[in-house]
Novice: 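The following block contains the structure, expressed as structure tokens.
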Amino acid sequence: MLFWISCIASLAAAAVIAVVLFRHWKEIRLMDPDTIRSEQERQTREHIVTQRFHRRLANSMTPIHRTGRIILDRLTRSYRQVEERLSRLSSLPGSMTQGRASEEASDDRIRERIEEAQAYLRAARWAEAERTFLEVLKLDERQIDAYRGLAVLYLAQKQFPQAKETFLFIERIHGADDGCYAGLAEIAEAEGQTTRAEVMRKRAVEAAPKKAARHAELASFYLAHGSPDFALAEARRAVALEPDVLRSLEICLEAAILVRDRTEAERCLDRLRFLTEDRSKIQAYREKIDAFPR
């Protein structure tokens with residue numbers, strides 16, 4: 001008799017779990033969104049969420065070896081716990097771990113650790129930067145700045161597969177910004193995907209039309225790929241937004257020389273004189289302009 005009760009209870013448990021999975025598949029997918037598979041021996045979001053859900057299921061299956069009433073009672077409670085957890089998750093858009101993060105570390109502490117990681121990143125201390133960003137994600141796996149930091153870190157180290165995976169992950173959970181598009185453009189160029197690189201550069205400009213750097217990057221792309229007319233147009237926008245950025249002026253000047261726009265070239269050269277002490281560079285530009293056909 002006990003054997004048949006156990007069998008019935010096992011089937012009931014499987015049915016309960018199937019109902020939960022079916023009714024809440026969308027939320028469960030959000031709990032496990034193909035997170036970063038880091039080669040540095042850490043897993044962040046996927047590990048935490050998967051382990052939690054597996055614990056729920058394990059707790060649900062433990063009473064199977066007991067008598068029928070106890071089994072059904074435990075399974076009912078387990079079902080309600082899963083229901084309650086999924087309900088809480090669905091009511092917290094954009095932050096699955098808001099409660100847990102507030103318990104484990106304050107927002108100030110997390111911000112402090114992010115700033116520390118960014119300082120390591122600026123100093124090219126790659127290992128320390130990565131470790132600190134991942135420690136932040138162990139505290140709160142929804143910290144988008146930590147993912148951005150990891151993406152930039154991998155890109156700086158030319159670890160393009162890891163960088164691409166991270167940027168795409170950011171786009172999936174948060175939506176891409178100009179930095180995300182710029183990173184994907186750099187990766188596409190490294191992979192020889194010129195058309196995709198151009199698309200990403202344009203999206204970066206569209207996402208941040210007031211950022212001179214994004215126009216300059218698009219201008220540099222066009223200059224490197226034999227489109228000086230387009231390069232000049234974007235470089236002019238960059239210079240209009242930030243007139244005293246040396247690289248933007250140089251791109252504008254180089255494009256103007258290629259299209260034989262003497263007026264623009266002279267204007268850029270005059271401005272460039274105030275921004276650089278490299279007289280040989282100024283002289284080389286001067287000679288190129290003087291070589292224009294009259």
Novice: Can you name the side chain to side chain donor-acceptor pair (under 3.5 Å) partners of Glu115, sequence neighbours left out?
Specialist: none
Novice: Just by distance, do the side chain of His174 and the backbone of Ile144 share a donor-acceptor pair under 3.5 Å?
Specialist: no
Novice: Quick check: closest heavy atoms across Leu223 and Glu254, and the distance to 0.1 Å?
Specialist: CD2-OE1, 3.3 Å
Novice: Check each of Arg279, Lys281, Glu287, Arg286 against Gln283 using the side chain to side chain donor-acceptor pair (under 3.5 Å) test, and report the only one that passes.
Specialist: Glu287
Novice: Quick one: pull up CD1 in Ile257 and CZ in Arg262 and give me the separation to the nearest 0.5 Å.
Specialist: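 Atom-to-atom, Ile257:CD1 and Arg262:CZ are 10.5 Å apart.
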Novice: Under 4.0 Å between a Lys/Arg side-chain N and an Asp/Glu carboxylate O for Glu198 and Lys202?
Specialist: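 A salt bridge links Glu198 with Lys202.
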Novice: Report the distance from atom CG of Asp140 to atom CD1 of Ile110, rounding to the nearest 0.5 Å.
Specialist: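 Interatomic distance, Asp140 CG to Ile110 CD1, rounded to 0.5 Å: 5.0 Å.
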Novice: Under 4.0 Å between a side-chain nitrogen and a carboxylate oxygen: does that hold for Arg203 and Asp178?
Specialist: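 Looking at Asp178 together with Arg203, the answer is no, because their closest N to O distance does not fall below 4.0 Å.
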Novice: What is the minimum heavy-atom distance between Gln143 and Leu137, and which atoms define it?
Specialist: O-CD2, 3.8 Å
Novice: Are Glu186 and Glu191 packed together at the side-chain level, in the sense that at least one heavy-atom pair is separated by less than 4.5 angstrom?
Specialist: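 Heavy-atom side-chain distance check fails, nothing below 4.5 Å.
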Novice: Locate the shortest heavy-atom distance separating Ile251 from Ala235; write the atom from each residue and the value.
Specialist: CG2-CB, 4.0 Å
Novice: Can you see which heavy atom on Cys252 is nearest to which on Arg267, and at what distance?
Specialist: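 Shortest heavy-atom contact: SG-NH2, 4.4 Å.
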Novice: Kindly indicate, with the supporting measurements, whether the criterion side chain to side chain contact (heavy atoms under 4.5 Å, CB included) is fulfilled by Arg201 and Val205.
Specialist: CA-CA 6 Å; Arg201 291 292 182 201; Val205 168; 5.9 Å; no
Novice: Test side chain to side chain contact (heavy atoms under 4.5 Å, CB included) on Glu242 and Val245 and set out the steps.
Specialist: CA-CA 6 Å; Glu242 294 184 5; Val245 176; 3.1 Å; yes
Novice: What's the verdict on side-chain hydrogen bond (donor to acceptor under 3.5 Å, both in side chains) for Thr276 and Asp278, showing C-alpha distance, side-chain angles and the deciding distance?
Specialist: CA-CA 5 Å; Thr276 181; Asp278 189 344; 5.2 Å; no
Novice: Quick test of your reading: applying salt bridge (Lys or Arg N to Asp or Glu O under 4.0 Å), list the pairs with at least one residue in residues 224-235, sequence neighbours left out, ordered by first then second residue.
Specialist: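 Non-adjacent pairs meeting salt bridge (Lys or Arg N to Asp or Glu O under 4.0 Å): Glu234-Arg237.
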Novice: Without hydrogens or angle criteria, can the side chains of Glu250 and Tyr285 be said to hold a donor-acceptor pair below 3.5 Å?
Specialist: no
Novice: Is the shortest heavy-atom distance from the side chain of Pro293 to the side chain of Arg260 under 4.5 Å?
Specialist: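 The answer is yes, as the side chains (C-beta and beyond) meet within the 4.5 Å cut-off.
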Novice: Please determine whether the number of non-hydrogen atoms from other residues, nucleotides or ligands lying under 6.0 Å from atom CZ of Phe160 exceeds 12.
Specialist: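 More than 12 within 6.0 Å, yes.
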Novice: Atom CE in Met200, atom CD in Glu189: separation rounded to 0.5 Å?
Specialist: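 Between atom CE of Met200 and atom CD of Glu189 there are 12.0 Å.
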Novice: Val259 and Pro228: which non-hydrogen atoms are nearest, and at how many Å?
Specialist: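 Heavy atoms only, the tightest pair is CG1-CB, 3.7 Å.
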Novice: Distance-only, no hydrogens or angles: does the Tyr120 side chain make a donor-acceptor pair with backbone N or O of Arg131 under 3.5 Å?
Specialist: no
Novice: Would you compute the distance between atom CG of Leu232 and atom CG of Leu258 and round it to the nearest 0.5 angstrom?
Specialist: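 Between atom CG of Leu232 and atom CG of Leu258 there are 9.5 Å.
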Novice: When you measure from the side chain of Ser220 to the backbone N and O of Ala216, does any donor-acceptor pair fall under 3.5 Å?
Specialist: no
Novice: Which atoms form the tightest heavy-atom contact between Phe167 and Cys180, and what is the distance?
Specialist: O-SG, 3.4 Å
Novice: Charged N to carboxylate O below 4.0 Å: is that the case for Asp108 and Arg111?
Specialist: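 Result for this pair is no, no salt bridge flagged.
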Novice: Do Leu184 and Leu168 make a side-chain contact, defined as non-hydrogen atoms from C-beta onward lying under 4.5 Å apart?
Specialist: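 Side chain of Leu184 against side chain of Leu168, heavy atoms only: contact under 4.5 Å found.
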Novice: Apply side chain to side chain contact (heavy atoms under 4.5 Å, CB included) to Gln118 and Arg122, showing your working.
Specialist: CA-CA 6 Å; Gln118 290 170 340; Arg122 289 191 295 270; 3.9 Å; yes
